[in-house]
Amino acid sequence: MELLNAIAIGAIAAACIYSLLRRSLLKFIVGIALLSQAVNLLVFTSAGLTPAAPPIIEPGMSAPPETIADPLPQALVLTAIVIGFGLLVFTLALSRRAIEAVGSDDLNNFKNTDT
Amino acid sequence: MLLLVAIIGPVLGALIAASLCKAFPKKAGWILASIPAVIFVGLLTQVGSLNGLQAESVSFAWVPSLGVDFQLQLNGLGLLFALMIPGVGAFIFVYAGGYLHGHPLSGRFFTFLMLFMTGMMGIALSDNLIVFFVFWELTSISSYLLIGFNHEDEAARKKALQALLVTGFGGVAMLAGFILLATAGGSYQFSTLIAQGASLAQNPLAQAALPLLLLGAFTKSAQFPFQFWLPNAMAAPTPVSAYLHSATMVKAGVFLLFKLSPIYGGTPAWSITLITCGTITLLLGAVTGLFQRDLKRILAFTTMSVLGMLVLLIGIGGELALKSAILFMLGHALYKATLFMTAGNVDHGTGTREVTLLGGLRKAMPLTALAAGLAALSKGGFPPLLGFVSKEYVYKASIDLASLAPVLTGIAIVGNAMLLALAFKAGVHPYWSSAAKPGLGKSYSSLLPHTPHEVPFSMWIGPIILASLGLTFGFLPTEWISNLIGPALSISSGVATTVKVSLWHGFNLPLLLSLVTMALGILIYLAREHFWKKQRIGTRIERRSTERAYEFAFHQFVEKSKEVTLLLQNGSMRFYLWVILGVSGLLLSYKLLALGGLPAFPSTEGISILNTTITIAIVLGALVAAAARSIVNALAGLGVVGFGIALVYGFNGAPDLAITQIVVETLTVAFMLYAVLKLPSFKRYSKKSLRIQDAIFASCGGIIVFLLVLKSSALELAPTISNQLSEWSYPLAKGRNIVNVILVDFRALDTFGEIAVLGIAALGVSICLRPHLDRRQLSADDNLIFRVGANALLLTCIALSIVALYRGHNEPGGGFIGGLILAAGFILYAMAFGEKAARTKLRASPINYIGFGLALALVSGFFGPMTGKPFMSALWLPDFTLPLLGKVHLGTPLLFDVGVFLCVVGFTLQVVFNLQASSSDLPKRAVTSAKVEKKEPANCL
């Protein structure tokens with residue numbers, strides 16, 4: 001199972017790096033979106049996978065079963081997903097404004113701060 | 001008590017200055033002047049209470065961990081120096097009130113001036129090297145702000161920076177010197193070090209400290225080779241030149257030399273350096289000054305010259321020389337501030353400071369003329385003024401020298417004579433030289449920008465009083481003068497002494513020398529126009545001075561910095577990423593190898609057709625997103641990746657994550673539809689070779705990450721904090737959903753930070769899209785079925801979101817998920833009925849939701865402190881049972897989660913509504929209108 005996740009993360013990371021390196025600002029944003037996904041999955045996977053054992057205490061019990069998925073990375077990833085969304089949205093709005101101001105989405109045309 | 005008041009008073013003044021200037025624009029100068037006046041009177045009462053080496057101290061811990069105490073001390077020398085600061089300062093404030101009358105930024109000016117005064121009082125009174133340094137730097141910084149007060153003027157900014165760099169450089173050197181000196185002497189307390197006296201100077205560390213300390217003193221007091229910043233500092237408004245750059249700040253270096261004199265005085269290094277640099281500065285200043293035509297510049301060069309004289313005298317050392325230096329410094333403070341203020345008055349009254357245009361102003365400006373004349377006479381050393389007394393002592397000291405007497409006496413005579421001539425040029429010529437005999441062949445009044453007139457009361461009262469003080473000083477009770485000068489001399493010589501200062505010494509050699517000086521000085525004065533005609537010579541001396549070295553160093557520094565910066569910051573995003581990712585990749589690879597090489601091939605346990613398929617889908621989705629040439633394809637690729645990952649979360653015991661991810665993916669698609677479709681589609685900008693390079697680079701990165709994941713999951717970790725959190729979850733936090741408990745209870749402060757980030761992101765989006773907000777709204781979808789469906793779905797979403805929120809503590813759900821669900825419902829509604837309708841349905845602006853949510857989350861945190869527990873501790877009400885819901889427990893974590901919920905709703909809707917409102921135009925507009933938009937100030941760049 002870890003193997004599959006590792007492949008997925010590696011592939012997303014590669015696609016992310018390639019997209020980030022593009023001169024098109026829009027591709028760059030695609031790269032940012034992929035980056036969040038890769039990192040979230042990385043944090044989730046690196047804590048170890050525990051299939052089908054959510055970190056929830058059954059009614060009537062006061063402690064969780066012996067083997068449950070690690071709740072801490074889940075909490076981290078949960079907020080990271082929402083923050084990642086916020087980041088993406090902000091980047092998009094900013095890029096849109098920037099593209100309108102500069103008149104191009106070619107990052108090589110973003111040369112000064114006074115446009 | 002007095003010590004603290006003397007420091008805190010100006011700080012308070014700085015705090016109230018701006019509002020005072022707004023409330024009482026006309027009287028602010030007078031009101032603010034009361035602060036230094038009170039301090040001055042307070043200090044004045046201390047004269048006579050300190051004898052010899054006596055001192056009063058206060059001290060409290062400041063940085064105990066570093067052994068730095070806030071130590072203040074009032075001793076004889078400090079008192080004399082401290083008296084000059086508020087004494088002159090009070091008149092400067094009154095004067096500045098008139099000078100800046102109606103200036104829109106006078107509040108700022110007074111604030112800076114008060115800050116400066118704080119720094120000066122601190123220098124005079126601090127007894128700790130570090131405290132001294134801090135106040136020293138405060139004066140440098142406030143001086144920078146004041147020289148550059150007319151900051152629209154590029155020259156003023158440049159000169160301000162020059163002064164800051166030179167004095168700042170010296171300040172840092174001085175700090176290093178202080179550290180060496182403190183190490184040598186075993187204490188950071190001035191008085192302790194000074195008590196060790198000359199024996200400390202034998203310590204090699206203390207000897208190494210000397211050049212650094214002298215750097216500090218010489219830069220501050222404009223000694224050769226750092227003298228060039230002082231004339232340039234005349235770019236400042238006149239009150240600043242009068243106060244900082246003649247009466248007080250430039251004397252701080254001299255003050256430091258006085259203080260260090262008991263330690264280093266008499267050592268060869270000390271005497272030779274001080275006498276050499278002092279002499280050069282004295283002569284250089286006086287000679288250059290002779291050629292100046294601008295009143296303020298003439299005075300600046302005399303200040304430089306006088307500072308040189310003081311340094312020379314301290315370098316000579318011994319009781320006589322130090323005594324004459326103290327008297328000279330005192331006299332200078334009184335007459336130089338006066339001359340500067342009268343120069344400002346002339347500028348104010350006639351519109352020019354060019355001396356060749358001025359003459360005969362005594363009729364139009366009688367009071368200014370009186371003050372200037374008195375000051376010039378004092379400066380020229382005419383009896384019975386203070387200048388005369390101090391000059392007598394200078395000659396006494398120089399004659400008293402064994403070997404150097406002829407040389408130094410000669411220098412003193414020449415220097416004093418030139419100073420006299422310069423004093424007359426600034427204080428006599430503009431007022432008394434005949435207006436009928438034009439300086440350079442033209443009549444005066446026709447050349448003046450406006451008809452001369454006397455200045456207002458606030459601008460002549462200060463100069464008159466200060467000038468009269470110079471006159472009356474010689475007639476003050478000798479006992480009082482002895483009480484003032486004696487302790488100061490004791491401190492600076494290190495031996496308790498008493499002095500007698502008298503006006504008349506009988507017919508002796510110093511008197512004869514004084515007469516020679518006057519005669520010589522008047523001769524030079526009479527030849528003034530010959531010097532003015534050769535103004536070029538003065539300019540040439542200035543240009544060839546050490547300023548060139550400074551400019552060269554400054555230029556080189558900037559150029560080299562640019563080169564280095566361009567090497568690293570060449571503006572290409574691709575280059576940055578290559579560097580950042582490349583270095584990270586190399587470091588990661590190294591760590592991988594260091595941790596025992598490549599990971600073992602992992603077990604294939606748990607791999608099924610289903611999850612293999614999901615993985616393949618994710619991989620393909622990612623590749624499509626990266627390679628896609630159309631936006632829709634890229635979005636589809638991203639969507640596959642997102643939903644694939646949601647499934648991975650779901651299959652691996654993370655239902656909360658799966659739900660969140662699915663909702664976020666849905667929102668992202670909706671969002672992208674609005675945002676991206678209005679943007680130009682992808683273009684291929686890079687050449688194929690570059691693309692191949694990048695693809696290889698990216699693949700290497702992917703492989704490193706792949707290996708890293710395998711390695712990390714193969715590592716055996718120690719029991720983590722998670723186990724503890726899981727155990728506590730129900731008994732302590734009353735929650736069965738451990739993830740949610742972590743979010744809203746154990747790590748609530750983190751979550752609060754995160755929702756705050758969301759709020760800020762929403763504001764950022766609004767600002768970026770604001771110019772479009774007033775456009776017409778997106779035409780809503782007319783499909784009836786869609787509309788009915790959207791209405792029903794909104795209701796469903798509202799219900800679902802509340803359920804998710806409520807049950808989140810025990811089962812999958814919570815504020816984040818609930819908020820996203822609700823937002824999704826509203827977005828759908830907005831698609832069907834338009835953004836305006838959705839806003840109406842929402843009842844309040846999304847921004848208000850964010851604000852209310854943040855406030856609620858914050859408030860929930862304060863229940864803890866109210867019951868004596870830490871911030872954000874959870875509190876629960878006793879459980880109770882309700883029909884339908886069963887057992888209910890309410891507590892602050894639920895309140896916090898509601899805050900999160902509202903914040904997420906607000907954020908999502910704020911950004912989507914903004915985008916929707918701004919997306920009504922066609923995509924073409926984005927590019928075609930770009931050129932027009934360039935002229936508007938950018939809102940987000």
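Model, not experiment: these values are computed from the prediction. Naming: A, B, ... by sequence-line order, numbering from 1 per chain.
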TODO: Select one option (side chain, backbone, both, neither) describing which atoms of A:Asn108 are under 4.5 Å from chain B's heavy atoms.
DONE: neither
- [ ] For A:Glu58 and B:Arg736, work out which heavy atoms get closest and say how close.
- [x] O-NH1, 2.7 Å
Open item on the list: What part of A:Ala53 gets within 4.5 angstrom of chain B, counting heavy atoms only: side chain, backbone, both, or neither?
Closed with: backbone
Open item on the list: Need one label for A:Leu42: side chain, backbone, both or neither, based on atoms under 4.5 Å from any heavy atom in chain B.
Closed with: side chain
Open item on the list: Taking every non-hydrogen pair under 4.5 Å, which of A:Ala13, A:Ala14, A:Gly86, A:Pro73 racks up the most with chain B?
Closed with: A:Ala14
Open item on the list: Only pairs of heavy atoms separated by less than 4.5 Å count here; which of A:Ala69, A:Gly31, A:Pro55 has the most with chain B?
Closed with: A:Pro55
Open item on the list: Is A:Tyr18 close to chain B through its backbone or its side chain, or both, or neither, when contacts mean heavy atoms under 4.5 Å?
Closed with: both
Task: A:Ala15 versus B:Leu623, closest heavy-atom pair with distance - done: CB-N, 4.4 Å
Open item on the list: If I measure from the heavy atoms of chain B, does A:Leu107 come under 4.5 Å with its side chain, its backbone, both, or neither?
Closed with: side chain
TODO: Apply the test side chain to side chain contact (heavy atoms under 4.5 Å, CB included) to residues A:Asn109 and B:Tyr685: give CA-CA distance (whole Å), side-chain angles for both, the deciding distance (0.1 Å), then the verdict.
DONE: CA-CA 11 Å; A:Asn109 288 338; B:Tyr685 291 113; over 6 Å; no
Open item on the list: Would you say that B:Tyr649 contacts A:Gln74 through its side chain, given a criterion of any heavy-atom pair below 4.5 Å between the two side chains?
Closed with: no
Task: Which atom of B:Leu710 lies closest to which atom of A:Ala6, heavy atoms considered - done: CD2-CB, 3.7 Å
Open item on the list: Only pairs of heavy atoms separated by less than 4.5 Å count here; which of B:Gly650, B:Ser729, B:Gly819, B:Ala628 has the most with chain A?
Closed with: B:Ala628
Open item on the list: Taking every non-hydrogen pair under 4.5 Å, which of A:Ile81, A:Ile56, A:Leu4 racks up the most with chain B?
Closed with: A:Leu4
- [ ] Give the intermediate values and the outcome of side chain to side chain contact (heavy atoms under 4.5 Å, CB included) for residues B:Thr668 and A:Phe85.
- [x] CA-CA 7 Å; B:Thr668 308; A:Phe85 175 58; 3.6 Å; yes
Open item on the list: Give me the atom names and distance for the closest heavy-atom approach of B:Ala627 to A:Lys27.
Closed with: C-NZ, 3.9 Å
Task: Nearest heavy atoms of B:Ser726 and A:Ile57, plus distance in Å - done: O-CD1, 4.2 Å
TODO: For chain B, find which of A:Ala33, A:Ala8, A:Gly84, A:Ser36 contributes the most heavy-atom pairs closer than 4.5 angstrom.
DONE: A:Ala8
TODO: Could you look at A:Leu87 and say if it's the side chain, the backbone, both or neither that has a heavy atom under 4.5 Å from chain B?
DONE: neither
TODO: Report the option among A:Val89, A:Asn40, A:Leu49 that has the most heavy-atom pairs separated by less than 4.5 Å from atoms of chain B.
DONE: A:Val89
